[in-house]
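Structure, as structure tokens:
All heavy atoms count here, side chains included; hydrogens, waters and symmetry mates do not.
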Amino acid sequence: QVQLVESGGGLVQAGGSLRLSCGASGGTFSSYAMGWFRQAPGKEREFVAGISWRGIWSSYSDSAKGRFTISRDNAKNAVYLRMNSLKPKDTAVYHCAAASLGRVVTAISSYDSWGRGTQVTVSS
């Protein structure tokens, strides 16, 4: 399994932007589809965005569409989430995950490896 480490979280004002990064090691990163999920206090973990193994296909939750962009660099074993126009309701711990299926999937159960997450806090 691939090991994942997220970075780039922090405190930002509403309307601001952040770019999350997720570095991978220990596996064939380029064969995995990658996803970003988030979990707010007291809520279930939810899908935010996903990208296929070659980066051709992507998918977004309704709340992320038009504001967030997922991308990957297989040469660097990294996946990114650019978040614009952030809102207080985007406050959560953001996790990246890897799916050996290779295609974009949204279900938590489809992902094999998870990072520990990075905190994003959006103030009003």
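- Residue pairs meeting the ring-ring contact (aromatic ring centres under 6.0 Å, His included) criterion with at least one partner in residues 19-53, sequence neighbours excluded, are Phe37-Phe47, Phe37-Tyr111, Phe37-Trp114.
- Note: Ile51 CD1 to Ser59 OG = 11.0 Å, rounded to the nearest 0.5 Å.
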* **Verdict with supporting geometry, Ser113 and Leu4, side chain to side chain contact (heavy atoms under 4.5 Å, CB included)** => CA-CA 7 Å; Ser113 301; Leu4 304 170; 4.3 Å; yes
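- Sorted by first then second residue, the salt bridge (Lys or Arg N to Asp or Glu O under 4.0 Å) pairs that include residues 52-62, not counting sequence neighbours, are Asp62-Lys65.
- Residues satisfying the side-chain hydrogen bond (donor to acceptor under 3.5 Å, both in side chains) criterion with Thr121, sequence neighbours excluded, are Gln119.
- For Val120, the side-chain contact (heavy atoms from CB on, under 4.5 Å) partners two or more places apart in sequence, or in a different chain, are Leu18, Leu20, Met83, Tyr94, Val122.
- Legend: residues meeting side-chain hydrogen bond (donor to acceptor under 3.5 Å, both in side chains) with Ser61, ordered by chain and number and at least two apart, are Ser63.
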* Could you go step by step and tell me if Ser17 and Val12 meet the side chain to side chain contact (heavy atoms under 4.5 Å, CB included) rule? -> CA-CA 7 Å; Ser17 298; Val12 63; over 6 Å; no
* Do Val48 and Leu81 pass the side chain to side chain contact (heavy atoms under 4.5 Å, CB included) test, and can you show the C-alpha distance, the side-chain angles, and the key distance before you say yes or no? -> CA-CA 9 Å; Val48 176; Leu81 185 68; 4.2 Å; yes
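- Distance alone, capped at 3.5 Å, places no donor-acceptor pair between the Ser21 side chain and the Gly8 backbone.
- Pairs of residues two or more places apart, or lying in two chains, never qualify as salt bridge (Lys or Arg N to Asp or Glu O under 4.0 Å) while including a residue from residues 97-116.
- A donor-acceptor pair under 3.5 Å is absent between the side-chain atoms of Gln13 and the main chain of Ser123, judged by distance alone.
- Pairs of residues two or more places apart, or lying in two chains, that qualify as disulfide bond (SG atoms under 2.5 Å apart) and include a residue from residues 18-124 are Cys22-Cys96.
- Separation of atoms OG (Ser85) and CZ (Arg67) is listed at 7.0 Å; rounding is to 0.5 Å.
- Met34 and Ile108 fall into different hydrophobic clusters, where Ile, Leu, Val, Met, Phe, Trp and Tyr residues are linked whenever their side-chain heavy atoms come under 4.5 Å apart, directly or through other members.
- Sorted by first and then second residue, the disulfide bond (SG atoms under 2.5 Å apart) pairs with a member in residues 38-83 form an empty list; sequence neighbours excluded.
- For Ser31, there are no side-chain hydrogen bond (donor to acceptor under 3.5 Å, both in side chains) partners at least two apart in sequence or on another chain.
- Listed by first and then second residue, the side chain to side chain donor-acceptor pair (under 3.5 Å) pairs that reach into residues 71-83 are Arg72-Asn74, Arg82-Asn84, sequence neighbours excluded.
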* To do: Evaluate side chain to side chain contact (heavy atoms under 4.5 Å, CB included) for Ile70 paired with Val79, printing each intermediate quantity in order.
  => CA-CA 7 Å; Ile70 188 171; Val79 63; 4.0 Å; yes
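- Every residue meeting the side-chain hydrogen bond (donor to acceptor under 3.5 Å, both in side chains) condition with Glu46, not counting sequence neighbours, appears here in chain and number order: Arg38.
- Ser110 has its side chain within reach of Leu101: a pair of non-hydrogen atoms, C-beta onward, lies under 4.5 Å apart.
- Other residues sharing the hydrophobic cluster of Leu11, ordered by chain and number and joined by side-chain separations under 4.5 Å: none, the residue standing alone.
- Between Ala92 and Ala40 the shortest heavy-atom distance is CB-N, 3.8 Å.
- Nearest heavy atom pair, residue Ala98 against residue Val2, reads CB-CG1, 3.5 Å.
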